[in-house]
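Below is one structure, written out as structure tokens; the observations come after it.
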Amino acid sequence: MRDYPYKIGSEQVTVRVVENAEDLAAFEEWATRAMSAGAVGVDCETTGLEMYAGDTLRTVQFGDAYTGWVLPVEKSPRLAAVAAEYVRRIPLMVGHNIGFDLRFIDRHLGVSLEDTWPRSRDTYIYSHLIDPLEVKDGGIGHSLEALTRKYVDAKTADEVKGSITGLAKEYKTTKDKVWSIVDIDHPGYNLYAGMDPILAVRLFQKLEPKVPSVSAHLVPYEHLVAMICSLIDRNGFLLDQEYSQGLSDKLRADEEYAAAHAMLWFGVESVNSTDDVASGLMDLGFRIPGRTATGKYKVDKALLDSLVVDDPEIGSPAHLAAAVQEAKRASKWRSSWVDKFLNGTDAEGRIHPYTNPLRARTARMSITGIPAQTLPSGDWIVRRCFIADPGQTIVSVDYKAQELRVLAALSGDPTMRAAFAEDADLHQLTADAAGVDRKVGKMANFLQVYGGGAAKLADNAGVPFPVAKRVIQAFAAKYPGVAELSKSTQAEAKRNGRIVTATGRVIPVDPDRAYAGLNYKIQSASRDVTARGLINLHNAGFTPYMRLVVHDEVVASLPIEHAEYGSREIARHMRMDLRGVDIDTDPEIYGMSWGHGYIKD
DNA sequence: TCGTGACGCACC
DNA sequence: AAACGGTGCGTCACGA
């Protein structure tokens, strides 16, 4: 046994690294006692983040508030078997972002997510329910380091963080790469690994009582949502490798052709450099009107769009703009998306998204791995990379105008409620009230949800400011309940510095941006509508067919012969009533690929 | 060479 | 009176 003593404040703790059969027996004796005494911390060190595509487990750690045990499972199948046995047996496991570890354990230790999640508690979830703010928004964030600093011990936080930086330095590499190459017996690595479950247990003890009482019921709910998301992630989405490779090749050719144009005709070396493009344009005598916040030339899509014409004169600014646009498009599509897909497949040719079910201040989810929330929707060719399983077809079910229906529910506004009850055209309704086009009415509706004002409406809709102002006033007059909710939410935000959502989530609001409170209420309640829909789907047995959850939409792969019925069932399970408003859903059968839903004619 | 901020851009 | 909410991620440019 190798023991590493450590002090958290004045308290002595120990990290113990298992080396032989005798040590293992000591671990088992400890574990048997610890798991009957309370929550046991669980954590894994891995070679990297890709549990489905190449990375594997190096160590599994267990711990209570005073002792952390490191089982270097990489060294022997016996150690892995014992780790798996205790992961199966421990009645209550805690970890920070434990969903990550459970995914690894599911894939590489053979203990399923279905088995582990119901016995697991995630300190990230508690942290988010207590204070969802990230560092960039003025919060402490949700890193183990920051939480340790605030709730456990500052010196420990500094040293634990410092140890990784030191490790990376020692191995002359970066922090992300050191995990796979560090010696499994390195004392600093072992100490870091063994401290993690100790800190998770201590954090759990501190955080659990701090969840606001209005949010208490969200604790089991968020754990369930997290489990479902990890099950969907585990399913993965089948990639059409041949199509994707062909697309990658074509995008590369497109990019090279357009970039060569920019270079040869205009001397623009890098189309992604706004500086380069700006000088290219200015060399042609074009004056760039906009400046960025830091005073540089603003060369963005809006500027380039304004330059592009149908049949550009060779050597003109329009010609340069078109070449830059095309090169940027092709390069982004290939490097951000298609090549990522091709490099991210597992042995069965599937890509696994990584869903953080509780991400934004409003609890909105985020998805990486498959950046499903940001793929182009105006064009089908990228989404076409993802296909249904053999014999299946892709279906999608989304909520119809989810956020506006939620707004109708939260505000109780009679006009808006009636509109949805009758399936009326809300955008037209707003437009008629203000005497403008439907397009402007639609923008006004969305802007209301986002908290925008007349200036933005004028900007977006391309109408004069006084008209925009009139539309905003007409909106308030048409939907007095919304105006009232907006007012009371701002008052709530100013008074308390935070708002409480329909589902009992406490969300801080920047006092200078009290108007944002209404959006938080709408966005957050909408997220919970989707999350509850997910729970319904899970209870109805649909989880194995699910592929992605994108804000107000669920994508699934269903057997062709059952797609019609299945998609209607999914829509039925997702649909719900919120304060008397029908949050209605719309099923659609796409075809053999995700892109088939986006093919326009 | 690495980490980070600025910027731009994809989506809901 | 006026106020655009949220996310991820790529490249460039720059400073340690």
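In this text, all values refer to a predicted model and were calculated from it rather than measured experimentally. First the proteins, then the strands, lettered A, B, ... as listed; each starts at 1.
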Nucleotide nearest A/R359 when distance is taken to its side chain, options C/dG8, C/dG6, B/dG8: C/dG8
Touch class at under 4.0 angstrom, heavy-atom based, for A/K456 against every strand present: base
Sugar-phosphate only, base, or nothing, as touched by A/S273 at under 4.0 Å among non-hydrogen atoms: sugar-phosphate
Atom-to-atom span, NZ of A/K442 to P of C/dC4 - whole angstrom: 21 Å
A/N445 and A/H427 side chains, donor-acceptor separation under 3.5 Å: yes
Side chains of A/S396 and A/E553, donor plus acceptor under 3.5 Å: yes
Ring centre gap for A/Y126 and A/H142 strictly below 6.0 Å: no
C/dG6 phosphate, OP1 or OP2, under 4.0 Å from A/R513 side-chain N/O: yes
Phosphate OP1/OP2 of C/dT7 contacted by A/K136 side-chain N/O (<4.0 Å): yes
Euclidean distance, atom CD of residue A/Q490 to atom C1' of C/dA1 [Å, nearest integer]: 11 Å
Sugar-phosphate, base or nothing in reach of A/Q473, heavy atoms under 4.0 Å: nothing
Residue A/A360, side-chain heavy atoms: nucleotide from C/dT7, B/dA10, B/dC7 that is nearest: C/dT7
Sugar-phosphate, base or nothing in reach of A/R364, heavy atoms under 4.0 Å: base
side-chain N/O A/K469 vs C/dA1 OP1/OP2, d < 4.0 Å: no
For atom CG of A/L375 and atom C1' of C/dC9, their distance in whole Å: 12 Å
Touch class at under 4.0 angstrom, heavy-atom based, for A/S331 against every strand present: nothing
Touch class at under 4.0 angstrom, heavy-atom based, for A/V449 against every strand present: nothing
Phosphate OP1/OP2 of B/dA10 contacted by A/S377 side-chain N/O (<4.0 Å): no
Sugar-phosphate, base or nothing in reach of A/Y520, heavy atoms under 4.0 Å: sugar-phosphate
C/dC9 OP1/OP2 closer than 4.0 Å to side-chain N/O of A/S336: no
Nearest-nucleotide pick for A/N460, side chain only, options being C/dC9, B/dG8, C/dC4: C/dC4
Polar side chain donor-acceptor pair, A/H186 to A/E170, under 3.5 angstrom: yes
Integer-rounded Å distance: B/dA6 C1' and A/K298 NZ: 11 Å
Sugar-phosphate, base or nothing in reach of A/A514, heavy atoms under 4.0 Å: nothing
Backbone N/O of A/G441 and side chain of A/T430: donor-acceptor pair under 3.5 Å: no
Whole-Å distance separating the CZ atom of A/F341 from the P atom of C/dG8: 17 Å
Minimum-distance nucleotide to A/Y515 side chain [options: C/dC4, C/dC9, B/dC12]: C/dC4
Sugar-phosphate, base or nothing in reach of A/K521, heavy atoms under 4.0 Å: nothing
Polar contact flag, side-chain donor to acceptor under 3.5 angstrom, A/N519-A/E403: no
Derivation and outcome, side-chain hydrogen bond (donor to acceptor under 3.5 Å, both in side chains), residues A/Q402 and A/T530: CA-CA 9 Å; A/Q402 188 192 46; A/T530 303; 2.8 Å; yes
A/Y450 aromatic ring stacked with six-membered ring of C/dG5, 5.5 Å and 30°: yes
Sugar-phosphate only, base, or nothing, as touched by A/D275 at under 4.0 Å among non-hydrogen atoms: sugar-phosphate
A/D379 CG to B/dC9 P, straight-line distance once rounded to whole Å: 17 Å
Touch class at under 4.0 angstrom, heavy-atom based, for A/P376 against every strand present: sugar-phosphate
Sugar-phosphate only, base, or nothing, as touched by A/K172 at under 4.0 Å among non-hydrogen atoms: nothing
Per A/E134 side chain, nearest of listed nucleotides B/dA10, C/dA3, C/dT7: C/dT7
